[in-house]
2 protein chains.
Amino acid sequence: MSLPHAILTALLEKPSSGLELTRRFDKSIGYFWSATHQQIYRELGKLETEGFIRTLPAEQSARGQKKNYEVLPAGRAELARWTAAAQDPKPQRDVLLLRLRAAAVVGTAGLEDDLRRHLELHRRQLAKYQEIERRDFPPDRGAPQDRLRHLVLRAGIDLETFWTQWLARAVAEVAELPTEGRD
Amino acid sequence: MSLPHAILTALLEKPSSGLELTRRFDKSIGYFWSATHQQIYRELGKLETEGFIRTLPAEQSARGQKKNYEVLPAGRAELARWTAAAQDPKPQRDVLLLRLRAAAVVGTAGLEDDLRRHLELHRRQLAKYQEIERRDFPPDRGAPQDRLRHLVLRAGIDLETFWTQWLARAVAEVAELPTEGRD
DNA sequence: GGTGGTTGTGCAACTAGTTGCATAAGCGCT
DNA sequence: AGCGCTTATGCAACTAGTTGCACAACCACC
């Protein structure tokens with residue numbers, strides 16, 4: 001139940017329309033909470049009826065007309081409440097690890113290519129994060145917000161670093177396994 | 001769509017009843033693919049009607065009676081197909097990172113305790129994995145299956161290591177931030 | 001011989017997220 | 001005036017996962 005809170009955060013950072021939000025979910029926020037435009041529009045509707053956000057008055061609401069939303073005090077309060085509330089980590093689900101475990105019983109045929117492809121994807125993502133770090137977080141330590149945002153980015157960088165290293169090792173191991181069908 | 005394949009993998013490792021599978025999903029497999037017993041029973045039913053698994057003949061099927069399932073050749077073939085097929089990594093979703101980002105706009109009040117709690121949980125999980133590694137994977141490198149399974153376990157260990165380090169840092173940063181309500 | 005806990009199976013309703021498609025306005029171009 | 005492209009909003013149906021509960025058999029034990 002975190003999508004509404006992701007949207008509130010994004011709108012507090014900057015009031016936006018549904019489409020602008022969608023674009024922002026394709027970068028920054030989307031790096032750790034992705035959402036499609038359909039989800040976002042649906043949720044904006046809910047948040048509005050709940051009184052957490054409202055459309056900025058200047059615009060009218062004909063279909064196909066841009067609507068800009070801003071967060072109301074109740075929305076900010078709800079976000080603060082949610083941020084402070086204890087939450088259990090939700091159980092992991094990782095398809096790639098599952099596939100490797102399956103490969104241990106049905107063989108690794110066909111797996112290596114996809115491992116390489118994933119490795120490449122993670123390398124790219126890592127490079128993107130490092131670029132953002134270089135651009136937005138020079139080493140001098142800024143305001144508290146920046147320190148927190150930098151911390152989040154560091155998590156992204158370290159996670160991608162882990163995956164590139166682990167995948168490199170996985171590719172190597174799979175490559176030197178007896179080629180086929182052993183079960 | 002990976003739950004059926006997780007179940008096929010588990011059943012190939014060892015034919016089991018629904019409840020036994022549930023227990024196994026609470027450990028080993030569940031470390032990277034969790035499922036409740038309801039999901040598992042539902043999926044076992046589907047897999048059986050699709051002809052991927054069958055109940056072992058010895059048992060009868062009255063309600064409340066144990067049913068042991070085994071994988072049929074079609075099931076093994078399906079698992080091999082799925083393992084080899086390319087799959088895109090699915091977008092990340094991490095509530096904790098989202099909360100930190102939210103904290104950057106609504107303040108970090110109340111967050112530190114929960115960060116500490118998560119740190120402790122990850123430390124425990126890391127210790128559990130390390131214990132498994134010590135017990136099941138002595139350094140001499142065994143059969144290919146074992147090498148793959150060890151690789152999967154290493155991913156778990158390295159991920160938990162990452163989280164403990166990152167959370168320790170996050171706790172430290174949040175602790176030394178101006179105490180409240182900024183912006 | 002009944003009561004209470006454990007083992008085992010399962011349905012129903014709900015929540016969250018995805019996919020596919022529809023609709024409308026505005027813009028440029030010919 | 002009409003055609004196609006982009007921007008923008010949104011509904012409907014589907015899939016996956018979660019929560020809550022029900023029910024049957026078995027076993028111990030008093």
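Reminder, nothing fancy here: chain letters follow the sequence lines and each chain counts from 1.
Side chains of A/Arg99 and B/His5 form no contact here, defined as non-hydrogen atoms less than 4.5 Å apart. A/Arg154 has its side chain out of reach of B/Glu173: every pair of non-hydrogen atoms, C-beta onward, lies at least 4.5 Å apart.
A side-chain donor-acceptor contact under 3.5 Å links B/Tyr129 and B/Gln125.
Comparing B/Arg42 and A/Ser2 by the nucleotide of DNA chain C whose heavy atom lies nearest to each, the residue mapping closer to the 5' end is B/Arg42. Each of A/Ser34 and B/Gly18 lies near DNA chain C, and the nucleotide nearest B/Gly18 is the one positioned closer to the 5' end. Map A/Tyr69 and B/Met1 each onto its nearest nucleotide of DNA chain D; the residue landing nearer the 5' end is A/Tyr69.
For C/dT6, neither phosphate oxygen OP1 nor OP2 lies less than 4.0 angstrom from any side-chain nitrogen or oxygen of B/Arg23. Distances shown here put a side-chain N or O of A/Lys67 below 4.0 Å from the OP1 or OP2 atom of D/dG10.
One atom, NZ of A/Lys46, and another, C1' of C/dG17, lie 11 Å apart when rounded to the nearest Å. Taking atom CD on A/Gln87 and atom P on D/dT18, their separation rounds to 15 Å, with Å as the unit. Summarising the geometry, the separation between OH on B/Tyr41 and P on D/dA22 is reported as 18 Å, rounded to the nearest angstrom. Separating the CD atom of B/Glu43 from the P atom of D/dT18 is a distance of 13 Å, rounded to the nearest angstrom. Distance A/Glu20 CD to D/dA8 P: 7 Å, rounded to the nearest Å. At whole-Å resolution of the value, CD in A/Gln39 and P in D/dC14 are 18 Å apart. One atom, NZ of A/Lys90, and another, C1' of C/dT15, lie 11 Å apart when rounded to the nearest Å. Distance B/Ile40 CD1 to C/dT7 C1': 15 Å, rounded to the nearest Å.
When distances run from any side-chain atom of B/Arg93 to the nucleotides D/dG17, C/dT18, D/dT9, the shortest one goes to C/dT18. When distances are taken from the side chain of A/Thr36 to each of D/dG17, C/dT19, C/dG17, the shortest belongs to C/dT19. The side chain of A/Gln38 lies closest to D/dG10, out of D/dT9, D/dG10, D/dG17. The side chain of B/Leu3 has D/dG17 as its nearest neighbour among D/dG17, C/dG17, C/dT9.
Backbone-only contact: A/Ser17 has heavy atoms under 4.0 Å from sugar-phosphate atoms and none from a base.
A donor N or O paired with an acceptor N or O is found under 3.5 Å between the base of C/dG10 and the side-chain atoms of B/His37.
Put simply, the side chain of A/Arg101 never gets that close to the backbone of B/Phe32: no donor and acceptor are under 3.5 Å apart. A distance-only check finds a donor-acceptor pair linking the side chain of A/Arg117 to the backbone of B/Gln87 [under 3.5 Å].
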